[in-house]
Amino acid sequence: MSELPKAYEPADVEKSWYEAWLEKDCFVADPLSEKPGYSIVIPPPNVTGILHMGHVLNNTIQDILARRARQKGFEVLWLPGTDHAGIATQTKVERQLREEEGKTRRDLGREKFLERVWDWKEEHGGIIIKQLKRLGCSCDWSRERFTMDEKYSEWVAQVFVDLFQEGLIYRGKRMVNWCPVSLTALSDEEVIPKKQNSKLFYIKYELVDEPGKYLEVATTRPETLMGDVAVAVNPKDERYGKYVGKRVRRPFPEADIEVVADEHVDPEFGTGALKITPAHDKADFEIGERHGLEIIDVLHADGTVNCPQVPELDGLDRFVARKKAVAKLEEMGLLIKVEEHENNVGFSERADVPVEPRISMQWFLKYPATEETAAAVANGEISYRPDRWAKTHANWMAGIQDWCLSRQLWWGHRIPVWYRKEKVEVLREAESLTLENMEVGDLHVGVEAPVDGENWVQDEDVLDTWFSSWLWPFATMTDLGEESDLVKKFYPTADLVTGPDIIFFWVARMVMAVYRFKGELPFQNVFFTSIIRDLQGRKMSKSLGNSPDPIELMDKYGADGLRFGLMRTAPVGADVRFDEAQIEEGRNFANKIYNACRFRRMAGVESRVGFRASECQALRPYHLEILSKCDELTVKLEDAYAGYRFNEVGQRLYDFLWGDFCDLFLEAVKGDLKEEAADEAREATLGVFDVVMGRYLHLLHPYMPHLTEELSLRMGYLEDGEFLMERVLEGASLLEGVDREMIRLGEERAAAVYEAAGRLRNLKAEYRLAARKDVKFVAKTGPEWLEEEADIISLLVGAESVTRKDGYEAEKGTPGAVTAVGEIFMPLEGLIDVEAEKSRLSKEIEKTEKEVSKCRGKLGNEKFVANAKPEVVAVERERLAEWEGKLASLQEMLSSLS
RNA sequence: GGUCGAUUAGCUCAGUGGUAGAGCGCUUGCUUCACACGCAAGAUGUCACUGGUUCAAAUCCAGUAUCGACCACCA
């Protein structure tokens with residue numbers, strides 16, 4: 001290793017280790033293993049997806065959990081897969097078809113089109129899987145699933161049939177969210193409200209009975225005016241009471257419509273009078289129902305106007321028609337004014353265009369098991385982490401609306417419902433194809449098609465993608481049946497890791513579905529990750545172009561660097577602002593560890609993993625101290641993992657290696673690795689290095705799997721053919737069998753030396769002597785062991801010597817410090833500028849006086865002394881003594897200079 | 001409108017009642033025989049604001065302000 005480059009190069013190392021793990025089936029779960037089972041299912045990314053930072057965070061956490069579980073002795077299944085992502089995928093293939101061949105899906109027909117989608121999936125669908133592998137994810141790829149796998153699809157149909165038979169699924173004509181681009185219905189969750197700068201148009205409707213008099217209304221959507229069937233006012237609104245029951249004239253196409261009274265109307269808004277267009281607004285639809293109003297649909301499915309009676313608008317796009325309609329009203333003298341108006345408009349999640357409220361025939365679901373699952377989350381049977389998400393869950397459950405399941409798409413699970421052919425033809429003609437109009441024998445709802453298939457037609461629609469995802473935790477494991485070994489070993493799962501943005505889309509629905517069909521909860525813990533934002537605090541998105549490409553980051557910093565950098569600062573549950581500097585830190589950290597090992601190798605390639613602290617006679621305080629810190633780290637990590645505090649785990653791993661191990665321990669024992677060092681000292685240091693580093697790499701492995709595997713092998717910490725990722729972490733104390741008192745004294749002494757070294761370096765720097773190596777310190781007092789450690793202190797401080805002289809009388813003005821190893825002076829030999837020194841001292845005195853008075857104030861407070869814990873008071877007393885001592889010596893120094 | 005968060009160094013963030021922290025950035029000095037992806041030292045805080053509880057508040061409580069998310073929504 002000593003001949004290797006100074007800087008760690010992750011690229012080849014990461015690639016070859018990942019291949020080795022795959023080669024040896026390290027990720028494959030054995031359902032017959034004797035170990036206890038631990039499982040996670042991946043939140044399946046879209047097949048069309050490419051890796052973004054959210055995936056990196058999410059999957060790194062899962063990988064950490066999986067690898068940690070393996071080292072804790074579990075048989076681990078991390079089950080991966082992808083989601084067919086109905087609209088997203090179909091849109092992509094349709095676009096390709098249009099761009100490359102100028103064709104639409106209808107030109108191809110359903111069957112041919114679906115073949116194209118499958119081809120596309122085979123060719124491009126695996127990108128994100130490759131990217132997850134690059135990240136180091138230890139998924140069991142032999143069990144990769146897809147939501148449209150044959151067996152999985154059967155589950156989807158089966159669940160539909162069950163819920164239908166239970167009466168929870170129904171078909172009906174309802175107002176739904178319609179996407180005029182994708183030409184399909186959407187669920188409420190797929191509609192994203194966005195603030196829009198719109199215009200509010202004030203227009204007037206002439207009173208039929210009183211020509212020349214008008215009723216004024218305000219609207220943002222004049223293009224749907226042709227669908228107006230009434231004007232509504234609030235019954236309590238005194239201005240309009242007299243008009244209720246009267247008729248007003250709709251300008252075009254000209255018609256007389258009624259004025260109705262409805263509580264829903266807000267007298268404060270606009271003019272207090274609302275035009276009612278039941279076909280194109282949810283609230284209007286409801287008002288229409290209450291008053292038995294007609295429904296006039298004036299838009300086509302693609303959002304163009306459907307109103308032959310008004311030729312100048314007919315066929316225009318809805319937004320073009322809006323302007324045209326306004327112009328027409330103005331011409332007619334019916335437009336009063338136009339106001340700027342900010343409102344919320346629902347956008348289609350995928351197509352990113354305003355959705356159109358539209359009445360259409362769709363399939364709906366009344367959610368199953370709502371009460372039981374709401375309770376399970378509320379009482380902690382499933383723990384949400386952070387637990388505030390449980391409240392969000394509860395809020396949604398409380399206001400839950402039926403789920404529009406059907407999508408007018410081809411790519412997806414086709415609704416498992418067949419209608420008798422001749423019946424359909426008749427009903428289609430009559431436009432009354434509803435279930436109510438079907439006889440029992442006309443309808444077949446089943447997983448399989450009816451036997452006399454030629455007499456039946458299947459429902460054209462497919463199911464919402466989430467209707468398949470909600471079965472993910474169990475449908476992925478039941479390929480070989482519900483009683484298979486896999487299910488027994490790994491179901492239900494332990495942890496689910498996902499973003500809070502899909503709590504309604506996915507998590508809550510999974511809980512309900514799995515509870516309903518398996519009678520139990522699908523997972524014990526749900527860990528909600530942070531949402532990653534850019535430095536301006538904006539959500540990362542393709543359209544903003546503010547999302548860094550994780551692959552580029554891995555090229556630059558390595559997968560391990562990316563993982564570690566992200567994990568160390570990703571706060572638990574709060575949003576995180578992404579800063580590339582964090583990832584750079586991750587890379588630098590990998591390099592630091594690599595170099596520590598490189599240093600060790602320069603002193604000999606043979607590893608000392610068999611080293612036992614209890615058998616070594618040459619242990620010095622520094623050895624004992626680092627062994628003890630490593631034990632402490634093992635315990636602290638255990639606790640942090642138990643609380644899912646991944647940033648804390650990262651921070652502790654970082655601080656230990658960089659601070660305790662490299663800055664302190666390695667610096668203190670450096671001399672032992674030199675050629676001239678004594679054999680026993682070298683052996684002790686090499687042994688301690690190897691056991692600590694061996695343990696450390698094991699602990700770090702979940703965060704930096706490739707680097708730790710590489711170094712463990714190179715350093716000789718593994719048996720032949722053994723993988724670090726498969727090794728169980730026993731976590732036994734590295735100091736087993738060592739006398740406790742000896743450990744305590746060692747820690748104490750090491751800590752004292754480190755503290756003293758810090759103070760003396762400090763002292764040197766204060767006098768601008770940081771770079772001088774010829775400073776000779778003199779210790780006036782100190783423990784009897786001071787001389788034993790004097791050379792180490794000199795080394796750490798970068799001084800020539802630290803000499804003990806009992807009864808030493810420093811010349812006036814000699815700077816000194818009270819350190820943990822005694823009072824130490826730094827004779828200046830006249831190198832210091834007197835005036836500069838004076839001003840420095842005055843400043844220092846001022847500062848110290850403040851501290852003294854602070855401490856005195858506190859100790860002078862009787863209540864503090866009486867009520868505070870004794871140790872707190874004691875600490876305060878010590879502090880005061882320290883400051884007072886310092887103040888006295890500073891004053892003495894100052895006076896000696898004058 | 002409702003719910004839930006956030007506000008700590010120039011930046012990104014830790015910090016669950018007892019002396020304000022890390023990394024980056026900045027200043028200064030170091031080609032010290034592992035590492036300049038490094039070493040050492042340093043400067044930088046009214047812990048958003050106002051009250052309250054307490055001997056003691058960044059921390060607990062109440063309110064205010066600002067920012068944000070989610071839900072609902074006025075056409």
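All chains are named by letter (A, B, ...) in the order of the sequence lines, taking the proteins before the strands, and each is independently numbered beginning at 1. The structure presented is a predicted model; accordingly, all values stated were derived computationally and were not measured.
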- [ ] Check whether the ring centres of A/Phe665 and A/Tyr754 lie less than 6.0 Å apart, and answer yes or no.
- [x] no

Is there any protein nitrogen or oxygen under 3.5 Å from a nitrogen or oxygen in nucleotides 16-22 of chain B, and what are the pairs?
unit_1 : atom_1 : unit_2   : atom_2 : d
B/rU19 : O4'    : A/Arg879 : NH1    : 3.3
B/rU19 : N3     : A/Arg879 : NE     : 3.4

Task: Atom-pair distance (CG on A/Asn647; P on B/rU12), nearest Å - done: 17 Å

Task: Pairwise C1' distance, B/rG5 and B/rA48 [rounded to whole Å] - done: 16 Å

For nucleotides 51-53 of chain B, list the nitrogen or oxygen atoms of the protein found under 3.5 Å from its nitrogen or oxygen atoms, one pair per line.
none

Provide a list of protein-nucleic acid N or O atom pairs under 3.5 angstrom, restricted to nucleotides 71-75 of chain B.
unit_1 : atom_1 : unit_2   : atom_2 : d
B/rA72 : N6     : A/Asn344 : ND2    : 3.4
B/rC73 : N3     : A/Asn344 : ND2    : 3.0
B/rC73 : N4     : A/Asn344 : ND2    : 2.2
B/rC74 : O2     : A/Asp266 : OD2    : 2.5
B/rA75 : OP2    : A/His341 : NE2    : 3.3
B/rA75 : O3'    : A/Thr220 : OG1    : 2.6
B/rA75 : N6     : A/Asp266 : O      : 2.7
B/rA75 : N6     : A/Phe269 : O      : 2.9
B/rA75 : N1     : A/Asp266 : N      : 3.2

Open item on the list: What does the B/S/- profile of nucleotides 27-43 of chain B look like, 5' to 3', with a 4.0 Å heavy-atom cutoff to protein?
Closed with: --S----BB-BSSSSS-

Open item on the list: For A/Tyr557, run the side-chain hydrogen bond (donor to acceptor under 3.5 Å, both in side chains) check against A/Glu585, A/Gln582, A/Arg563, A/Glu580 and tell me which one passes.
Closed with: A/Glu580

Which atom pairs, donor and acceptor, lie under 3.5 Å between side-chain atoms of residues 193-202 of chain A and protein residues at least two apart or in another chain?
unit_1   : atom_1 : unit_2   : atom_2 : d
A/Lys194 : NZ     : A/Asp352 : OD1    : 2.6
A/Ser198 : OG     : A/Asn343 : OD1    : 2.6
A/Tyr202 : OH     : A/Glu339 : OE1    : 3.1

Open item on the list: Taking the nucleotide of RNA chain B with the nearest heavy atom to each, does A/Phe578 or A/Val865 sit closer to the 5' end?
Closed with: A/Phe578

Task: Counter-base of B/rG5, judged by Watson-Crick or G-U geometry with both distances under 3.5 Å - done: B/rC67

Polar atoms only, N or O, under 3.5 Å: list the protein pairs with nucleotides 66-69 of chain B and their distances.
none

Task: Polar side-chain atom of A/Asn595 near backbone of A/Asn591 as donor-acceptor pair, under 3.5 Å - done: yes

